[in-house]
Amino acid sequence: MSAVAVVLRTRRRVRGRAALGVAILVVLVLIALLAPVLAPHDPNAIDQSRVLAGPDASHPFGSDALGRDVLSRVLFAYRVSLGVAVGSVLVALATGVPLGLLAGFYGGWVDSLLMRPVDLLLALPALLLALSLIAIIGPGSGVALFAIAVIYLPILARVVRGSVLGVKGQAYVLGARARGVSRTGCMLRHVLPNSLGPAVVQASVLMGFAIQIEAALSFLGLGAQPPTPSLGLMLADGYQVLQQAPWADIFPGLAIAITVLAFTLVGDGLRDHFDPRGVSR
Amino acid sequence: MSVRTRYVVERVLLAVPTLLAMSIFVFLLIRLVPGDPVRTMLGFRATPQNVATIRHQLHLDEPLLTQYGDWMKGLLHGDLGRDYVSHAPLSELLGSALPVTLELTLLSMGLALAVGVPLGVLAAARPGAPRRLMDGFVIVGVSIPDFWLGTLLVLLFAATLVWLPPSGYTPFTADPLGNLRYMALPVLTLATGEAAYIARTTRGAMDEALGAPFVTFLRAKGLAERSIVFRHALRNASVPIVTVAGIQFGVLLGGAIVIETLFGLPGVGRLTVTAINQRNYTVVQGAVLVIATLFILVNLVTDLLYGWLDPRIDAGGDR
């Protein structure tokens, strides 16, 4: 098989996987939006007769230590988790993209002024940074969203700055300047749209991990607070009854894993689309 | 000064401002708490005298700059302050917790490298089934949240097969075998996702190296494929692998926070989580400082390794 054939075949496989990822995501988003309709039971209804009861027809995912329906709880918790993940990435994009754009486009002291503090955020392990912020502000879903956004901001700013540096010297940008387009106009109309690709790839991968981080924070008791249903909290509760009722732990974990999987597949596909030379690194 | 020495000195000097800035962040941590940190720490039942005493003990009643100076002076003498709850010196608390975290992260990284690098090399050298298998492993390994994987491993190895303990800890010095039995599941948990990253990076770097002109030349020269893959391509691929291992070490340190809590390991991570839940800010401050310093030092070592692995980076010092 020639090298070209390997590349083409690999790329077709990546495309196929990305399509699968998008399909899973569409279903997941629909599930999150329709949770109140889809949930067979009230997620907070306590049923003494079904404490740690196994899966059956009316409770396909079984019941937890308080006899609550695990499926309904997963559906509602999923909304919170997905909301926090999407929200944190959007906040990080909204702050990181302008920072990276300005730093990369203007360079010099603007670059130093903007990027030095951003780089400092990278000097701490991500989860530790999130924990530090939560230690200051106190736990909660909103704080988790903010903390994840702060972790992601420097990553996205770096990525955008890098691609701006590559784009701003391109002939079409210089051509626009020569035609008399103002610097700001050039930056917004020509450099920005052409620099966004890598940030979009990064954002889709990061969104998957945001779900993991949110779950980890809630698992530690530092994210969503009861009675807010949260996948991380469900995992923490499920761990206590792991031997008697593994379903209380397995299904919320599966929900997280499938989501991360979908975002990873989409991220790989997007990377392939924006950077056709690097075959699914 | 040779180019190589200059590179090393430059890297070391660059780490100093980062460490300083981090120390300022950690120092401000306790002082950024909205309202009165001492009151938050002590709870509602604290009398004003209590609050004043603790505030004085923590030197929170002095000017900020003096506080920072005193704190730094203490740090340089190995004095991290005291845990206001147990009154134990923080250096003692962290001194006993740090080896646990180090053992966990280093063993995990070691296992991840031992599994991930050969997997990546195999996938790059033999397209086809090994490559697709590795793709599957990477996607699953990256997607599974580590603490959930830990739960599944506990369910399998501790609850069902009863081969390993679900949680607990014995120091290595007291009982080496017992220590490894307690460490097995946490290490396996942390190493799985890590191995997936390293395998993916290794494959990418090997793909690139094996497609480079120098490999075509070596093949034309009639060198054995084995020697090309291991002696030449792998050496060229080592820089990205080391980079990712260095970056991922920070992820491991973060992961250790969750995994230590899950498996009841008395490391710095669990110490941090307990302290945050108890609003024990002095301990939070000390633990964050220690983990962050470790992270910065690992990044420094990664940078220094580049110079050793790739002589071309040394030449960069001349530019």
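Every chain is numbered from 1, with letters handed out A, B, ... down the list of sequences.
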- Item | Interchain contact, A:Leu222 with chain B, by part (heavy-atom threshold 4.5 Å) | side chain
- Proximal component of A:Phe263, with respect to chain B [non-hydrogen, under 4.5 Å]: neither
- Query: With respect to chain B, which residue among A:Ile256, A:Asp249, A:Leu120, A:Thr264 yields the maximal number of heavy-atom pairs within a distance under 4.5 Å?
  - Reply: A:Asp249
- Item | Nearest atoms (heavy-atom pairs only) where B:Trp148 meets A:Ile250 | CZ2-O, 3.2 Å
- For the student: nearest non-hydrogen atoms of A:Tyr239 and B:Pro166, plus distance: OH-O, 4.2 Å
- Query: Is it the backbone or the side chain of B:Thr151 that comes under 4.5 Å from a heavy atom of chain A, or both, or neither?
  - Reply: both
- Message: Would you compute the distance between atom CG of A:Leu128 and atom OG1 of B:Thr272 and round it to the nearest 0.5 angstrom?
- Response: 6.5 Å
- In Å, rounded to the nearest 0.5 Å, how long is the span from CG of A:Leu122 to CD1 of B:Ile296? 11.0 Å
- Sort out for me which of B:Asn299, B:Val154, B:Val284, B:Val138 touches chain A most, counting heavy-atom pairs under 4.5 Å. B:Val154
- Item | Interchain contact, B:Leu152 with chain A, by part (heavy-atom threshold 4.5 Å) | side chain
- Approximate separation, where rounding is to 0.5 Å, of A:Leu129 CG and B:Phe295 CZ: 10.5 Å
- Message: Counting only non-hydrogen atoms closer than 4.5 Å, does A:Leu220 touch chain B with its backbone (N, CA, C, O), its side chain (CB onward), both, or neither?
- Response: both
- Which atoms of A:Ala126 come close to chain B, meaning under 4.5 Å heavy atom to heavy atom: side chain ones, backbone ones, both, or neither? neither
- On a heavy-atom basis, the closest approach of A:Pro125 and B:Ile291 is CG-CG2, 4.1 Å
- Please determine, among A:Gly232, A:Pro246, A:Ala216, A:Ala262, the option with the most heavy-atom pairs under 4.5 Å with chain B. A:Ala216
- Item | Most contacts with chain A, counted as non-hydrogen pairs under 4.5 angstrom, among B:Val251, B:Asp146, B:Leu252, B:Val258 | B:Val258
- For the atom pair OG (A:Ser132) and CG (B:Leu289), what is the distance rounded to the nearest 0.5 Å? 10.5 Å
- Message: Under 4.5 Å from any heavy atom of chain B, what part of A:Pro139 do you find: side chain, backbone, both or neither?
- Response: side chain
- Here the gap from B:Thr261 atom OG1 to A:Phe219 atom CZ, rounded to the nearest 0.5 Å, amounts to 7.5 Å
- Over all atoms of both residues, closest heavy-atom pair of B:Gly254 and A:Leu127: O-CD2, 3.2 Å
- Task: Answer with side chain, backbone, both or neither: which region of A:Ile258 has an atom nearer than 4.5 Å to a non-hydrogen atom of chain B?
- Result: neither
- Could you tell me which portion of B:Val288 (side chain, backbone, both or neither) has an atom closer than 4.5 angstrom to a non-hydrogen atom of chain A? both
- Rounded to the nearest 0.5 angstrom, the CG-CD1 distance for A:Leu131 and B:Ile276 is 4.5 Å
- Query: For atom CZ of A:Arg116, is the number of surrounding heavy atoms from other residues, nucleotides or ligands below 6.0 Å larger than 12?
  - Reply: no
- Nearest heavy atoms of A:Leu235 and B:Phe147, plus distance in Å: CD1-CE1, 3.3 Å
- Message: If we ignore hydrogens and angles and just use 3.5 Å, is the side chain of A:Gln212 paired with the main-chain N or O of B:Ser143 as donor and acceptor?
- Response: yes
- Query: When only pairs under 4.5 Å are counted, which of B:Ile139, B:Leu253, B:Thr18 shares the most heavy-atom pairs with chain A?
  - Reply: B:Ile139
- Honestly, the part of B:Phe25 sitting under 4.5 Å from a heavy atom of chain A is side chain
